[in-house]
Number of protein chains: 2
Amino acid sequence: MTLDLAAAGQPAVPAAEAVQALLRQRIMEGLLLPGARLVDQALAEEFGVSRNTVRDALRLLAADGLVVSVRNAGSSVRTLTSADIHDIYTARRLLETGAILQSAGATDAMLEAVDRAASASEQHVLSGDWGKVGTASLAFHQAVVRLARSARVDEFFNNLAAQLRLAFAVMPDESAFQVRWVGRDRQIADLILAGRRDEATALMNDYLNESETQIIDGVRAAERARR
Amino acid sequence: MTLDLAAAGQPAVPAAEAVQALLRQRIMEGLLLPGARLVDQALAEEFGVSRNTVRDALRLLAADGLVVSVRNAGSSVRTLTSADIHDIYTARRLLETGAILQSAGATDAMLEAVDRAASASEQHVLSGDWGKVGTASLAFHQAVVRLARSARVDEFFNNLAAQLRLAFAVMPDESAFQVRWVGRDRQIADLILAGRRDEATALMNDYLNESETQIIDGVRAAERARR
DNA sequence: TTGACACGATTGTTCAACAATCTGTAGATT
DNA sequence: AATCTACAGATTGTTGAACAATCGTGTCAA
């Protein structure tokens, strides 16, 4: 297969960015699991581009923390350790609680986005559309972080979320994991909209602490299963 | 000049990383000012490496936000706008106040690092070593952020600090700017060490708000001078 | 069983040529 | 004088093949 860069009506992106996007999508969708080798010669042949183009893409993914490279030994999809997950959740608590505390200055549109995202999570649970619950929950957390009103913070958070996706890739049953939190999305959104920020941050901290524990448990279980 | 990769006793780094480090250092030291063109052919000749090696380096710097590239038109050192500075300071407030609030769980070594960094700033002022005051103040803020205990947050903060350096590059007199804050480094450190976190975050917010205003004023003055 | 060595795998780098896009300038037109 | 268009030069983006450097694994000998 070669890259189809000239999709209908879309401006062409540089080939390296297209390869990066494709690889990122495969990682996000679990088609490339943590530890999967990424050999630049093989990918170049698969995508019908040169090795240097694939190198560019892999380097960008490495900068995002999704890929690790060892000099002259190869690249692979990152495998998150328990320490990584703890680090990511420490960062999440900082960003999400900080953003909630800053929400007094947020626009109505930002607050409505938080509300909508919480409602979307609930809706997907009601309709049994488990595949979308995780995505909707992520959208909720993204909307919360946007309350901080910093594009750089938004990008950092999205990067953390992408890395966190790597943990889900090795866990057995994501939907069982997600269902616990949706009710809390709604609770936290209601507290934020009511201006009860201290309560909202306390609940968000609890939420993230429990979520971290569950994911670390899941990742450890997966590690044991691998041995 | 070509790269001297085999410095005494040091393991060689890949040429692309060496080029990246050299360019980053030039940017940090103001030898490459915002807006300066970075032409990959010229840099390849200067460093005695291939264009692809320079491309790798420039791409990493672009990922860090220090360089901007336009497809087929060229790369240059980023010029920060007032909106960029506001965004960076919004992120700083989130990180630094959040880290202070988390400092109850910090180690003694981390708290001592905050104390030492504040003392180093004072020491440089007393000895009139203005060139080091900025560096020491940055070390103080880095020590504060480390109280959050997340490597990813540390890296994000260091990246913000590197970008912020670009604003200083266009301001006339950095030492006059820096002297205002050193006393506050000490005050904030003392409050953190005393466990008076709410006071410390309030003072840090004031500090960063004023610092932001001054830098935006300085950058706008530089913009007017350029026209 | 352990250590050393060799070999294969893979990345890192090179080079020169060519493609693609951007920008600036010059000339034409209004 | 201002605006628009076209073109040329500048610069990045990509290519492919060859070679260098390093890593990891397997084998053999002690």
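Numbers restart at 1 for each chain; the letters A, B, ... are given by sequence-line order, proteins then strands.
The one candidate from Arg92(B), Glu96(B), His141(B) that meets the side chain to side chain donor-acceptor pair (under 3.5 Å) condition with Tyr207(B) is His141(B).
Nearer the 5' end of DNA chain D, as judged by each residue's closest nucleotide, is the contact made by Gln41(B), out of Gln41(B) and Val70(A).
Judged by distance alone, the side chain of Arg51(B) and the main-chain N or O of Glu45(B) form no donor-acceptor pair under 3.5 Å.
Within the model, atoms CG of Asp64(A) and CD of Gln20(A) stand 6.0 Å from one another, a figure rounded to the nearest 0.5 Å.
At whole-Å resolution of the value, CG in Leu38(A) and P in dT11(C) are 9 Å apart. As rounded to whole Å, 14 Å separates atom P of dT11(C) from atom CG of Leu61(A).
Checked by distance alone, Arg51(A) brings a side-chain donor or acceptor within 3.5 Å of a matching partner on the base of dG12(C).
Taking the side chain of Asn72(A) as heavy atoms from C-beta on, and the options dT22(D), dA20(C), dT13(C), the nearest nucleotide is dT22(D). Distances were taken from every side-chain heavy atom of Arg71(A) (C-beta onward) to each of dG12(C), dT13(C), dA19(C); the shortest belongs to dG12(C). Each of dC23(D), dT11(C), dT13(C) was ranked by its minimum atom distance to the side chain of Ala73(A); first place goes to dC23(D).
Taking 4.0 angstrom as the limit, Thr53(B) places a side-chain polar atom (N or O) nearer than this to OP1 or OP2 of dT14(C). Contact between the side-chain N/O atoms of Arg55(A) and the OP1/OP2 oxygens of dG12(C) is found at a separation under 4.0 Å.
Relative ring orientation between Phe156(B) and Phe156(A) is described as parallel, the plane-to-plane angle staying below 30° on a 0-90° scale split at 30° and 60°.
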